Amino acid sequence: MSNDSPIGIFDSGAGGLSVLSELLKTLPNENYIYFADSGNCPYGPKPADTIIALSDCIARFLIDKGCKLIVVACNTATAAAIDHLRATFPIPFIGMEPAIKPASLNTKTKSIGVLATAGTFKGKLYIETSKKYASDVNVCYQIGEGLVELVESGNMHSAEAENLLRKYINPMIDCNIDHIVLGCTHYPFLIPILQKILPKNIEIVDPAPAVARQAKHIAEQNSLCINHGKTPHIEFYSSSSTAILEKIMQTSARFSPSSHKISFFDNIEICK
Ligand code: DGL
């Protein structure tokens with residue numbers, strides 16, 4: 001492993017691209033290997049043991065490919081598996097933060113909304129962060145059932161997505177929230193619809209930029225930053241098809257054209 005080694009990043013599917021888009025801004029010269037476990041998506045309703053086993057296999061795959069640090073770009077996998085990953089493998093792991101802290105510190109109405117998966121709400125990270133930062137704040141939380149599937153199927157701009165989001169968001173608006181925390185990395189791809197349906201005074205909190213800054217900090221602290229002038233590359237692997245990754249990379253406003261050389265690999269078997 002050297003400084004030229006790639007940064008690994010994984011998610012249950014395409015959601016981690018919302019974090020990759022931020023990593024490309026904070027660490028633009030790095031090589032990346034992205035693993036989408038689309039064959040096992042969604043993770044949200046799965047038991048923690050299953051998510052730990054899948055995350056373990058993906059981490060082994062990324063480390064075998066030479067990754068020097070891994071960003072767990074999935075709130076659900078972070079909630080279930082980050083302690084296991086850190087205790088098992090010798091490289092740094094950066095996980096997702098539920099972003100309840102900035103929302104709770106900045107709310108004026110003393111009411112915030114959190115949209116996440118069932119697995120994330122069950123995790124000790126969410127429970128402890130809420131206790132620590134949101135004890136004097138009304139937290140209006142909602143499991144975003146069905147939203148991950150809409151993003152994975154490329155239907156994030158559909159009427160179905162808008163109707164489902166209205167169903168989830170309207171009770172939060174009634175709760176007088178002024179911040180909504182996106183507690184799942186798939187949800188930033190729904191921001192165009194959220195902006196349409198949310199009143200202007202409600203701020204959308206996406207933790208991806210803070211996670212990318214933390215990844216940069218950890219890479220620098222461990223002297224892992226890249227130090228050559230070659231064209232960097234991104235390799236995308238999926239346990240089913242990479243088609244949705246390619247589509248989002250080409251169409252999402254989060255990605256500006258990058259100078260990375262990009263390749264895609266389908267139907268990768270992990271946990272053999
Ligand atoms: N992107 C994952 C997360 O941040 C999605 C979970 C799922 O697959 O249900 O939680």
Side-chain angles (χ1 to χ4, degrees), residues 8-23 34-55 57-59 70-82 84-85 93-100 113-127 129-130 141-156 161 164-165 168 180-191 194 204-212 214-215 236-242 244-245 248-249 252 254 270-271:
I9 169 165
F10 79 89
D11 178 47
S12 64
L17 294 181
S18 64
V19 181
L20 178 64
S21 65
E22 296 302 319
L23 285 166
Y34 184 103
F35 190 92
D37 195 9
S38 316
N40 292 301
C41 190
Y43 277 10
K46 289 190 168 51
D49 283 359
T50 307
I51 298 168
I52 291 172
L54 292 169
S55 301
C57 294
I58 296 167
I70 292 179
V71 179
V72 183
C74 175
N75 295 71
T76 315
T78 301
I82 197 85
H84 166 84
L85 296 171
F93 283 84
I94 291 106
M96 297 303 298
E97 280 291 328
I100 291 166
V114 183
L115 194 59
T117 69
T120 296
F121 284 126
K122 273 189 260 163
K124 82 168 192 282
L125 194 62
Y126 174 76
I127 296 166
T129 315
S130 308
Y141 66 90
Q142 173 67 49
I143 296 172
E145 209 181 319
L147 295 175
V148 166
E149 289 87 337
L150 284 166
V151 174
E152 287 293 315
S153 58
N155 290 316
M156 55 280 236
L164 199 52
L165 276 170
Y168 294 153
I180 176 164
V181 175
L182 303 185
C184 168
T185 54
H186 280 76
Y187 301 165
F189 296 110
L190 299 163
I191 286 177
L194 283 168
I204 299 169
V205 187
D206 171 9
V211 170
Q214 175 67 0
F236 290 97
Y237 293 84
S238 170
S239 51
S240 65
S241 164
T242 53
I244 186 64
L245 305 179
I248 291 178
M249 287 290 292
S252 167
R254 291 180 79 96
I270 49 157
C271 297

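Whatever order the structure lists them in is the order used to number ligands and atoms, beginning at 1. Since this is a predicted model, take the numbers as computed values, not measurements.
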**Q** For Thr117, counting its heavy atoms only, list the atoms of ligand 1 lying under 4.0 Å from any of them.
**A**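 What qualifies from ligand 1 is 6 (C), 9 (O), 10 (O).
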**Q** Is the closest N or O pair between Asn75 and ligand 1 shorter than 3.5 Å?
**A**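 In this structure, Asn75 places an N or O atom under 3.5 Å from an N or O of ligand 1.
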**Q** Within the 4.0 Å heavy-atom shell around Asp11, which atoms of ligand 1 are there?
**A**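 Near Asp11, the atoms of ligand 1 are 1 (N), 2 (C).
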**Q** So, the side chain of Ser252 versus the backbone of Ile248: is there a donor-acceptor pair under 3.5 Å, distance only?
**A** no
**Q** Is a donor on one side and an acceptor on the other found under 3.5 Å between the side chain of Thr185 and the backbone of Ala73?
**A** yes
**Q** Not counting sequence neighbours, list each pair that qualifies as a side-chain hydrogen bond (donor to acceptor under 3.5 Å, both in side chains) and has a residue in residues 43-54.
**A**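 The answer is Asp37-Tyr43.
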**Q** Knowing that exactly one of Val148, Thr120, Asp11 qualifies, which makes a side chain to side chain contact (heavy atoms under 4.5 Å, CB included) with Cys184?
**A** Val148
**Q** Looking at Ser153 and Leu150, would you say the former's side chain and the latter's main chain have a donor-acceptor pair under 3.5 Å?
**A**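 Side chain of Ser153 to backbone of Leu150: a pair is present.
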**Q** Judged by atom type as modelled, is there a donor-acceptor pair below 3.5 Å linking the side chain of Thr78 to the main-chain atoms of Met96?
**A**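 Checking the backbone N and O of Met96 against the side chain of Thr78, a donor-acceptor pair under 3.5 Å is found.
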**Q** What do we get for Cys74 next to ligand 1 when only non-hydrogen atoms under 4.0 Å count, side chain, backbone, both or neither?
**A**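 Both of them.
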**Q** Specify the protein heavy atom at minimum distance from atom 7 (C) of ligand 1: its residue, its atom name, and the distance to 0.1 Å.
**A** Tyr43 N, 3.2 Å
**Q** Tell me, which protein residue and heavy-atom name are nearest atom 6 (C) of ligand 1, and how many Å apart are they?
**A**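 Protein heavy atom at minimum distance: Thr76 OG1, 3.4 Å.
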**Q** Which heavy atom of the protein is the closest neighbour of atom 9 (O) of ligand 1, given with residue, atom name and distance?
**A** Gly44 N, 2.8 Å
